[in-house]
Novice: 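This is the structure I want to talk about, given as C-alpha cells.
Note that the numbering runs from 1 along the sequence shown for the chain.
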Amino acid sequence: MAKIAIIGAHGKVGSLVVPVLTARGHEVSGVVRSQDQFQDLTDAGATPVLLDVATASEDELAEAFAGHDVVVWSAGAGGKGGAEATYAVDRDAAIRSIDAARRAGAHRYVMVSFISAVHDHGVPEDSSFFAYADAKVTADDHLRASDLAWTILGPGTLTDEPSGGGITILRDDAPVPEESATSRENVARVIAEVVGRPRTAGHFLRFTDGRTVVEEAVHEAEGEDAGMRPQ
Ligand SMILES: NC(=O)c1ccc[n+]([C@@H]2O[C@H](COP(=O)([O-])OP(=O)(O)OC[C@H]3O[C@@H](n4cnc5c(N)ncnc54)[C@H](OP(=O)(O)O)[C@@H]3O)[C@@H](O)[C@H]2O)c1
C-alpha cells in the first residue's frame with residue numbers, strides 16, 4: 001500500500017479517485033485550497049492538506065509531500081482566469097510540484113494530462129485553448145525529463161457519464177479519434193490502477209471510453225509499447 005498525495009483532490013476526477021484509493025487501502029492526502037472541502041475528504045477516508053498550489057513555493061509543496069510515495073496531479077485552472085491562470089496552475093504549479101515531489105523523495109508521479117498533449121497538438125496560438133495545450137505539454141516535458149517514475153495519462157474529452165464498462169488505450173502513434181469522450185470515472189479507475197503498477201512508469205497512456213475493462217487495458221499496456229508515445 002502506498003502513501004499518495006493528490007493535488008486537485010476535490011475536483012471532479014479527484015473526488016472520484018480518492019474513495020477508490022482509500023478503499024484499496026492506500027493512505028491518501030488530498031491537497032485542496034479551501035477548508036470547506038475538508039469534510040468531504042475526511043468522509044472519503046483521506047487527510048486534507050490546505051495549499052493553494054498557484055502560490056505555494058516549492059518548499060511548501062515539498063513539505064506537503066514529505067513521507068509520500070506517490071504524487072498525483074489532477075488539478076487545473078479549468079479555463080477560469082484566462083491564459084494567465086492557466087499557465088500559473090497547469091504549467092508553473094505543476095512543474096513546481098514535480099520538483100517538490102523529487103525533493104520530498106516521492107518516487108512516483110502520475111500526471112493527468114490530455115489526449116492531445118504532444119508538441120504538434122495543432123492548436124493555433126490565437127485559440128483560447130492554446131494556453132492549456134501549451135501549459136500541459138510543457139509540464140509533461142518537465143516530468144519526462146525528471147528522474148521520477150512517471151506515468152502521464154491522456155484522457156479524451158471528460159464527461160460525467162458512468163464508466164460504461166471500460167476504456168480503449170490508443171496504441172503508439174494512433175491518431176486521436178474524432179469522438180474521444182472519456183468518463184471521469186474511467187480516469188479515476190486508471191489513476192488507481194497505474195498507481196499500483198510501477199511498470200506503467202515511462203508511459204504516456206492516451207485513452208477514451210471503450211470496451212476493455214480498465215484493469216485489463218492497463219495490464220496490456222504496461223509490458224509493451226502500447227499506449228506509449230515518447231516525445
Ligand atoms: N476537461 C476535460 O475535458 C479534460 C480533458 C483531459 C484532461 N483534463 C484534465 O483532467 C484533470 C482533472 O479534471 P477535472 O474535470 O477533475 O477538473 P476540476 O473538476 O476543475 O478539478 C480541478 C481541481 O483543481 C483544483 N485547483 C485549481 N487551482 C488550484 C490551486 N491553485 N490550488 C489547489 N487546487 C487547485 C480545483 O480546486 P477548487 O475546487 O478550489 O476550484 C479543482 O478541485 C485536470 O488536470 C484537467 O486538466 C481535462
Novice: Indicate whether the side chain of S163 and that of N186 have a donor and an acceptor atom separated by less than 3.5 Å.
Specialist: yes
Novice: Does the S127 side chain pair with the main chain of V123, one donor and one acceptor, at a distance under 3.5 Å?
Specialist: no
Novice: How far does CH2 of W150 sit from NE2 of H203, to the nearest 0.5 angstrom?
Specialist: 8.0 Å
Novice: Does CD in E63 sit with more than 12 non-hydrogen atoms of other residues, nucleotides or ligands closer than 6.0 Å?
Specialist: no
Novice: With the side chain counted from C-beta on, respond yes when F207 and T182 share a heavy-atom pair under 4.5 Å apart, and no when they do not.
Specialist: yes
Novice: List the atom of S113, the atom of K136, and the distance in Å for their closest heavy-atom pair.
Specialist: CA-CE, 3.7 Å
Novice: From S34 OG over to L50 CG, what is the distance, rounded to the nearest 0.5 angstrom?
Specialist: 7.5 Å
Novice: Where is the tightest heavy-atom contact between I115 and S180, given as atom of each residue plus distance?
Specialist: CD1-CB, 4.3 Å
Novice: Supply the atom-to-atom distance Q37 CD to T42 OG1, rounded to the nearest 0.5 angstrom.
Specialist: 11.5 Å
Novice: Which pair of non-hydrogen atoms, one from V72 and one from I4, has the smallest distance, and what is that distance?
Specialist: CG2-CG2, 3.8 Å
Novice: Using side-chain heavy atoms (C-beta onward) and a distance below 4.5 Å, is R96 in contact with V53?
Specialist: no
Novice: So which heavy atom on I95 is nearest to which on A139, and how close?
Specialist: CG1-CA, 4.1 Å
Novice: Which atom pair, heavy atoms only, marks the closest approach of P19 to S15?
Specialist: CD-O, 3.1 Å
Novice: Taking side chain as C-beta onward, heavy atoms only, is T168 less than 4.5 Å from R211?
Specialist: no
Novice: Is it true that L16 and V194 fall in one hydrophobic cluster, defined by side-chain heavy atoms closer than 4.5 Å?
Specialist: no
Novice: Answer whether the closest heavy-atom distance between the side chains of D141 and H119 falls below 4.5 Å.
Specialist: yes
Novice: Quick one, S97 with Y109, criterion side-chain hydrogen bond (donor to acceptor under 3.5 Å, both in side chains). Give me CA distance, side-chain angles, the key distance, then yes/no.
Specialist: CA-CA 10 Å; S97 78; Y109 193 109; 2.6 Å; yes
Novice: Would you call D99 and H142 a side-chain contact if the rule is heavy atoms closer than 4.5 Å?
Specialist: yes
Novice: Can you confirm whether V190 sits close enough to P155 that some side-chain heavy atom of one is under 4.5 Å from a side-chain heavy atom of the other?
Specialist: no
Novice: Quick one: pull up NE2 in H10 and CG in D40 and give me the separation to the nearest 0.5 Å.
Specialist: 3.5 Å
Novice: Quick one, E193 with R197, criterion salt bridge (Lys or Arg N to Asp or Glu O under 4.0 Å). Give me CA distance, side-chain angles, the key distance, then yes/no.
Specialist: CA-CA 7 Å; E193 201 54 33; R197 290 185 184 270; 2.9 Å; yes
Novice: Just do the side-chain contact (heavy atoms from CB on, under 4.5 Å) check on H26 and K3 with the steps written out, would you?
Specialist: CA-CA 6 Å; H26 297 296; K3 190 161 177 193; over 6 Å; no
Novice: Nearest 0.5 Å please: distance from the CD1 atom of I98 over to the CZ atom of R144.
Specialist: 10.5 Å
Novice: If hydrophobic clusters are built by linking Ile, Leu, Val, Met, Phe, Trp and Tyr wherever their side-chain heavy atoms come under 4.5 Å apart, do L153 and I169 end up in the same one?
Specialist: yes
Novice: Under the 3.5 angstrom rule, does the side chain of H68 hit a backbone N or O of A66 as a donor-acceptor pair?
Specialist: yes
Novice: Rounded at 0.5 Å granularity, tell me how far OG1 in T55 sits from CZ in R33.
Specialist: 9.5 Å
Novice: In the single-linkage hydrophobic clustering (I, L, V, M, F, W, Y; side-chain heavy atoms under 4.5 Å), do V187 and Y132 co-cluster?
Specialist: no
Novice: Given the rule that I, L, V, M, F, W and Y join up when any side-chain heavy atoms are under 4.5 Å apart, are I6 and F38 in one cluster?
Specialist: yes
Novice: Is any side-chain heavy atom of T22 closer than 4.5 Å to one of E27?
Specialist: no
Novice: Out of curiosity, does V20 fall in the hydrophobic cluster containing V28 (side-chain heavy atoms, cut-off under 4.5 Å, transitive links)?
Specialist: no
Novice: Under the criterion salt bridge (Lys or Arg N to Asp or Glu O under 4.0 Å), I'd like the reasoning laid out for D69 against R108: C-alpha separation, chi angles, the key distance, then a yes or no.
Specialist: CA-CA 6 Å; D69 308 298; R108 186 117 172 74; over 6 Å; no
Novice: Flag the pair H107 / L148 as yes when at least one side-chain heavy-atom distance between them is below 4.5 Å, and no otherwise.
Specialist: no
Novice: Given side-chain contact (heavy atoms from CB on, under 4.5 Å), test H121 with F130 step by step and report yes or no.
Specialist: CA-CA 9 Å; H121 50 67; F130 180 83; 4.0 Å; yes
Novice: Sequence neighbours left out, what passes side chain to side chain contact (heavy atoms under 4.5 Å, CB included) with S57? Give chain and number order.
Specialist: D59, E60
Novice: Please find the pair of heavy atoms, one from G30 and one from L41, that lie closest to each other, and give the distance.
Specialist: O-CD1, 3.8 Å
